[in-house]
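The structure appears right after this line, and notes come after that.
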Amino acid sequence: MRTLFIGDLHLSAARPDITRAFLGFLEQDFSDVDALYILGDLYEVWVGDDLAEPFAQDIAARLKRLSDTTPLYFIHGNRDFLLGKAFANASGMQLLDEVHVTELYGVRTVLLHGDSLCTLDKAYQRFRRFRNLSIAKWLYGLLPQSRRLKIAAAIRAKSQRSNSEKQDYIMDVEHAAVEALLDATGATQMIHGHTHRPAIHALGERKRIVVGDWYSQSSVLTLTAAGASLSSRPLK
């Protein structure tokens, strides 16, 4: 048996190649799959379940069919942190906390998107704290759809400009944050995405596994009782 992890697909109507790759991924044989975990940023941008585009609704229907036989779990990313219970239910996905601890094949494992570990990016962490406030989400949800779309576009443009000016190490996870979370959760294994830097890092007796993105390849982490392996396939 195996458990699959994906993240950072950044699905959007503007990238039909990623959507095709993902639908192809969902067509594989899942009969030996214990669960599929989606570690955030399934969508490029999400401004509310009521604004789900037709292609996103099609994805939801396909995920729902898979959920009839395979458990699906979702952790919010920084692009789709507003994805709500309505869309999750339509997709057959169970929403998990942003930091989720579980036992996988006898190994205590902590799962998360990963952006909270990029603690050297002070500006982003300030925005992240504000974004996660319940009142901020509530007030945003009250805005007209057109206003929400404009705000999301402005935030995304500002983020792209800011990231282009930052050094790579600032946008990567901080080792101290990784060690602190492992200590706090008692986990010996961490799995996350966000950084788009797929790798399996040995941390002494512990391990940090990073799931890759889908911008140019479909990155999948497979976990079994024997261990972990990363695979990727170029998009067509």
Side-chain angles (χ1 to χ4, degrees), residues 1-11 15 17-43 55-77 79-80 83 85 87-114 185 187-201 207-236:
M1 300 299 289
R2 58 197 173 113
T3 298
L4 303 180
F5 300 82
I6 57 175
D8 298 289
L9 283 79
H10 297 275
L11 294 170
R15 288 293 306 269
D17 54 335
I18 301 179
T19 300
R20 284 195 303 270
F22 184 47
L23 291 175
F25 167 78
L26 296 178
E27 290 298 326
Q28 70 173 286
D29 181 8
F30 278 80
S31 61
D32 66 337
V33 175
D34 288 320
L36 170 62
Y37 288 85
I38 302 174
L39 302 182
D41 285 2
L42 176 61
Y43 294 98
F55 91 92
Q57 294 170 353
D58 291 341
I59 291 292
R62 183 62 189 86
L63 285 170
K64 182 65 174 178
R65 290 198 297 273
L66 177 60
S67 73
D68 291 338
T69 57
T70 304
L72 305 182
Y73 301 101
F74 179 81
I75 292 178
H76 291 97
R79 298 294 186 92
D80 49 21
L83 192 149
K85 292 182 179 179
F87 191 82
N89 290 338
S91 304
M93 300 188 301
Q94 179 180 335
L95 296 179
L96 302 179
D97 291 337
E98 67 173 34
V99 175
H100 178 72
V101 181
T102 186
E103 292 282 331
L104 294 171
Y105 307 112
V107 180
R108 187 170 175 83
T109 304
V110 58
L111 309 175
L112 66 163
H113 176 58
T185 59
T188 57
Q189 180 170 255
M190 173 185 290
I191 302 175
H192 70 84
H194 181 64
T195 64
H196 301 186
R197 303 175 184 186
I200 300 176
H201 302 276
K207 185 182 300 182
R208 178 172 71 92
I209 306 173
V210 187
V211 180
D213 64 274
W214 284 50
Y215 277 133
S216 60
Q217 60 186 0
S218 53
S219 180
V220 179
L221 168 66
T222 301
L223 193 67
T224 69
S229 63
L230 284 163
S231 63
S232 62
R233 183 176 299 175
L235 300 185
K236 298 180 179 179

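Keep in mind that what you see is a predicted model, and the values were worked out from it rather than measured. Throughout, numbering of the chain's residues begins at 1 and tracks the sequence.
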Problem set entry | side-chain contact (heavy atoms from CB on, under 4.5 Å) evaluation trace for I38 with Y73 | CA-CA 6 Å; I38 302 174; Y73 301 101; over 6 Å; no

Between atom [atom1] of [X] and atom [atom2] of [Y], what is the distance when rounded to the nearest 0.5 Å?
X	Y	atom1	atom2	value
K207	T109	NZ	OG1	9.5 Å
L66	E27	CG	CD	9.5 Å
L104	Q189	CG	CD	7.0 Å
R20	R15	CZ	CZ	9.5 Å
L63	D68	CG	CG	11.5 Å
L95	H100	CG	NE2	12.0 Å

Problem set entry | Check against ring-ring contact (aromatic ring centres under 6.0 Å, His included), F74 and F87 | CA-CA 11 Å; F74 179 81; F87 191 82; 8.9 Å; no

Problem set entry | Verdict with supporting geometry, R208 and H192, side-chain contact (heavy atoms from CB on, under 4.5 Å) | CA-CA 8 Å; R208 178 172 71 92; H192 70 84; 2.9 Å; yes

For this session: Answer yes if the ring centres of F30 and F25 are under 6.0 angstrom apart, and no otherwise.
Result: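 Yes, ring centres under 6.0 Å apart.
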
Test item: [X] side-chain N/O and [Y] main-chain N/O as donor-acceptor pair under 3.5 Å:
X	Y	result
H76	L83	yes
S218	R233	yes
D8	H194	yes
S31	D29	no
D97	V99	no
N89	K85	yes
S91	M93	no
Y37	L111	no

Please report the closest heavy-atom contact between [X] and [Y], naming both atoms and the distance.
X	Y	result
L26	R62	O-NH2, 2.7 Å
L230	I200	CD1-CG1, 4.0 Å
I6	S219	CG2-O, 3.8 Å
P71	D34	CD-O, 3.2 Å
R79	D41	N-OD1, 2.7 Å
V110	T185	CB-OG1, 4.0 Å

With a 4.5 Å limit on heavy-atom distance, are the side chains of [X] and [Y] in contact?
X	Y	value
V107	T188	yes
W214	V220	yes
L42	F22	yes

Problem set entry | Steps toward side-chain contact (heavy atoms from CB on, under 4.5 Å) verdict (V211, I191) | CA-CA 7 Å; V211 180; I191 302 175; 4.0 Å; yes

Exercise. With sequence neighbours left out, what residues match D32 under salt bridge (charged side-chain N to carboxylate O under 4.0 Å, His left out)?
Worked result: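 Expected list: R2.
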
Exercise. Does Y215 have any ring-ring contact (aromatic ring centres under 6.0 Å, His included) partners at least two apart in sequence or in another chain, and if so, which?
Worked result: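 For Y215, the residues satisfying ring-ring contact (aromatic ring centres under 6.0 Å, His included) (neighbours in sequence not counted) are H10, H196.
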
Problem set entry | Residues that T70 engages under side-chain hydrogen bond (donor to acceptor under 3.5 Å, both in side chains), provided they are two or more places apart |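 If we apply the side-chain hydrogen bond (donor to acceptor under 3.5 Å, both in side chains) test to T70, skipping adjacent residues, there are no hits.
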
For this session: Check the pair L4, L221 against side-chain contact (heavy atoms from CB on, under 4.5 Å), reporting the backbone distance first and the verdict last.
Result: CA-CA 6 Å; L4 303 180; L221 168 66; over 6 Å; no

